[in-house]
Structure formats: structure tokens, C-alpha cells
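All residue numbers in this chain count up from 1 along the given sequence. In listed order, ligands and their atoms are each counted from 1. Values below: every heavy atom of this structure, side chains too, minus hydrogens, waters and symmetry copies.
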Amino acid sequence: MLTLSDLERAAVEKIQSRLPVGITPYFMSLLSKDDPNDALRRTVVPTAAEFTQTPGEADDPLGEDGQSPVPGLVHRYPDRVLLLVLDFCSTYCRYCTRSRVVGHGAIYPSRSRLERAIDYIRSATSVRDVLISGGDPLTLNDERLNWLLSRLREIPHVEIIRIGTKIPAVLPQRITPNLVRVLRRYHPLWMSLHFTHPAECTPEAYRACERLANAGIPLGSQTVLLKGINDSVETMKALCHHLLRMRVRPYYIYQCDPITGSSHFRTSVEKGLEIIRGLRGFTTGYAVPTYVIDAPGGGGKIPLMPNYIEGREGDELLLRNYCDQVYRYPDVGRG
Ligand SMILES: *Cc1c(COP(=O)(O)O)cnc(C)c1O
């Protein structure tokens with residue numbers, strides 16, 4: 001049992017219609033029992049700051065509802081769709097970008113709704129990549145997952161299927177031999193995992209990722225940049241080093257979306273750039289994710305990079321390396 005601080009208690013009592021509180025017993029065991037500032041604890045235990053709305057924040061900052069041709073399907077990019085199978089998670093992240101729908105029973109994995117989504121994908125022949133998310137798709141049972149994956153695989157233009165999940169971090173016991181047997185039938189199947197902090201990289205999480213990787217599933221991780229939780233070069237580097245050892249490629253660092261009640265989680269963009277600057281060159285290139293802002297209004301993910309271009313001198317490009325030294329590159333053939 002956790003001893004709640006006054007601010008945490010006030011939030012739990014007020015939560016009601018908002019994003020529910022849910023924490024697996026396993027994840028609960030990783031939280032500090034008495035420190036409300038513990039990194040993992042802050043990601044899942046609500047606090048009163050969630051009820052503060054700051055200018056620029058919105059319930060649907062990414063405009064997903066406006067890019068949804070059928071319920072629970074977001075079609076933003078020409079060649080890929082985001083399929084929200086259900087709105088349930090085993091553990092609810094307090095910074096959830098989809099807190100407007102998640103945990104409310106609004107997106108139900110009924111066969112009829114999923115059939116409509118599948119019909120849409122079948123008719124949209126430009127869609128070559130289906131990203132299954134939610135909620136957490138791995139909270140479906142093996143049979144339903146098998147049904148969904150098999151239906152998607154019947155569509156000839158669907159080249160790859162991706163599953164977005166936080167299960168390996170919050171409920172690694174769900175990665176059973178049987179689940180893995182189901183998943184590996186539907187290759188090429190990729191997975192985007194959601195790891196936030198090195199403290200999530202437990203022996204159980206390692207084991208779960210090992211099973212997935214051994215099934216030939218390429219694994220990536222998406223991490224939200226969170227103030228006071230992972231907003232330092234040391235913490236991100238430790239996380240990315242764990243991920244490589246778990247055979248998970250750090251894929252994206254997301255600038256925290258301006259979701260209602262998120263100001264206590266959001267850092268400046270400069271902080272994200274500082275983290276990329278502190279990784280590139282200082283560690284394995286595979287350990288360096290792409291830092292992105294998911295543009296408010298539905299513009300999609302926009303990559304941000306520290307500026308390594310110093311300027312030009314004639315045909316020479318002046319470049320700054322990771323150690324802050326300037327090098328020249330003969331950039332011939334322009335114009
Ligand atoms: C993030 C996202 C995708 C996938 O983007 P990738 O950069 O290909 O990983 C697709 N659709 C929506 C709506 C998204 O938010």
C-alpha cells in the first residue's frame with residue numbers, strides 16, 4: 001500500500017469522470033511507497049496538478065477526432081492508419097495523450113466496430129501500414145488478437161502491422177509463450193513499446209522483450225519527455241542503454257503533448273534538444289531516438305534536431321561536431 005500525499009489523495013478523490021487510475025500489482029511493486037516524487041510513481045499516481053488547465057492545452061490537441069473516417073480509426077498520413085482497438089489499459093499513464101477517451105468504455109472492441117474499421121482499410125488501398133493501438137491492444141485476449149491480426153493480414157495492400165503497447169513495462173507477465181506464438185504468425189509484425197524510465201527495465205521486462213525479439217518481432221520504444229522524470233541526459237542515456245540490451249531500438253522521444261492538465265509534466269523544447277545533443281556522438285547511434293513534436297491540430301510528427309550546421313563559406317559547409325569543434329565539408333555541385 002502507498003501512503004498518499006495530500007495532493008495525491010485530493011486528485012484520487014476528484015478523478016471520477018477523468019482518466020481513471022489503474023496500476024498493475026507488478027508495476028505498483030516498482031513504485032516508492034512513500035515518496036510522491038518518485039519517477040515511476042509520478043507517471044501513474046495522479047496529483048492535484050492534473051486539474052490545472054494551462055493556456056494552449058486541449059483534450060484532443062492532435063485533432064485525432066477530426067481525422068477519423070470511422071470510429072476508432074485515425075487516418076492522418078496517406079499510407080498508414082492508427083487503429084484504436086479499445087480504450088482500456090492495464091496501467092494508466094497520467095500524461096496520456098488520449099485521456100479524453102481512454103478508460104471510459106467509449107472505444108469498445110466490438111466485432112461490428114472493428115469490422116467497419118477493417119472495411120475502411122480494405123477500401124483504402126493506399127494504406128500499407130496499420131498501427132494497432134488504443135488503449136493497450138495486448139489487454140485483448142490471444143483469441144481476439146488472433147482474429148484481428150488474421151483479418152488485417154487478409155488485406156493484400158497491408159504490408160506491415162504494428163502494435164503499440166506498454167505491456168512489457170507494466171505487465172511483462174502478459175508476454176506468454178502462447179501470445180508470442182499468435183503474434184509470430186502475422187509477420188512482418190513490428191512493435192512499438194512504451195518505456196519511460198530505466199527503473200522500468202527490470203529482469204521481468206528484459207525477459208518479455210527477449211521473448212518478443214526471439215519471435216523475430218522488431219522492437220522500438222517510444223518515450224515521452226517528462227519533467228522531473230526522464231528530462232536529463234543521464235536518465236535518457238541509461239534508459240536507451242537498457243533498451244539496446246533488451247534489443248529494443250529507441251524510436252521516438254516525444255515532446256509531451258499539451259493535453260489538458262499536463263503542465264506539470266511538460267519541459268521546454270530546449271530540454272529535448274539538449275538531450276539529443278548529449279546522446280549523439282556520446283553513445284551508440286542506435287541508442288539515439290528521433291525527437292519529435294506531434295503537431296497540435298493534426299499536422300503529424302515533426303522532427304527536431306540540434307543545429308549542427310554552423311554556416312557556409314563559399315562552397316564549404318561549416319559543421320559543428322558533438323565535441324563542439326567546427327569541420328568543413330566541400331559541398332560541391334550546388335545550383
Ligand atoms: C504516430 C502516428 C502514426 C505513425 O507514425 P510513424 O512516424 O510512422 O511511426 C500514424 N498515424 C498517426 C495518427 C500517428 O499519430
Side-chain angles (χ1 to χ4, degrees), residues 57-87 89 93 95-102 106-107 113-114 116-118 120-138 148-149 152 155 157-166 168 187-196 212 217-226 240 243 248-260 262 272 276 286 288-305:
E57 291 180 351
D59 291 342
D60 182 19
L62 307 186
E64 290 188 335
D65 293 343
Q67 295 176 330
S68 182
V70 298
L73 189 107
V74 185
H75 194 174
R76 173 173 300 151
Y77 298 102
D79 71 335
R80 50 212 195 277
V81 292
L82 175 64
L83 172 58
L84 308 176
V85 280
L86 80 177
D87 67 9
C89 288
C93 307
Y95 50 85
C96 178
T97 191
R98 239 163 255 133
S99 54
R100 72 185 184 286
V101 286
V102 155
I107 302 179
R113 183 182 66 83
L114 292 174
R116 277 185 69 192
I118 292 163
Y120 177 86
I121 296 167
R122 194 182 295 112
S123 67
T125 53
S126 64
V127 174
R128 40 161 289 285
D129 174 1
V130 176
L131 177 42
I132 301 175
S133 184
D136 198 319
L138 294 191
L148 177 63
L149 291 168
L152 291 171
I155 303 174
H157 54 270
V158 172
E159 296 173 1
I160 67 166
I161 300 174
R162 291 194 265 176
I163 294 178
T165 178
K166 195 173 166 73
H187 277 312
L189 176 82
W190 291 57
M191 258 190 188
S192 288
L193 312 181
H194 176 28
F195 280 95
T196 300
L212 295 170
I217 303 171
L219 304 173
S221 175
Q222 317 194 87
T223 300
V224 181
L225 180 59
L226 297 169
C240 293
L243 291 172
V248 180
R249 163 79 156 108
Y251 181 38
Y252 284 136
I253 291 181
Y254 287 96
Q255 176 67 9
C256 186
D257 292 326
I259 197 86
T260 303
S262 64
I276 299 299
Y286 280 123
V288 186
T290 302
Y291 176 41
V292 294
I293 293 187
D294 217 332
K301 296 173 184 71
I302 299 177
L304 300 177
M305 277 275 275

Sub-3.5 Å donor-acceptor pair from the side chain of [X] to the main-chain atoms of [Y], do we have one?
X: Ser221; Y: His194; result: no
X: Thr165; Y: Asp136; result: no
X: Arg113; Y: Pro71; result: yes

Should you measure from each heavy atom of [X], which atoms of ligand 1 turn up under 4.0 Å away?
X: Val74; value: 13 (C)
X: Tyr252; value: 6 (P), 7 (O), 9 (O)
X: Arg162; value: 4 (C), 6 (P), 8 (O), 9 (O)
X: Leu131; value: 3 (C), 4 (C)
X: Tyr251; value: 6 (P), 7 (O), 8 (O), 9 (O)

- Message: Tell me the nearest of Gln67, His75, Gln222, Lys301 to atom 3 (C) of ligand 1, using heavy-atom distances.
- Response: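 Nearest option to atom 3 (C) of ligand 1, by heavy atoms: Lys301.
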- With a 3.5 Å cut-off and no angle check, do the side chains of Ser126 and Asp79 form a donor-acceptor pair? no
- What closest approach, in Å, do Leu84 and Ile107 show between heavy atoms, and which atom pair accounts for it? O-CG2, 3.4 Å
- Would Asp60 and Arg100 pass as an ion pair if we require N to O under 4.0 Å? yes
- Under 4.0 Å, heavy atoms only, figure out whether ligand 1 is touched by the backbone of Arg80, its side chain, both or neither. side chain
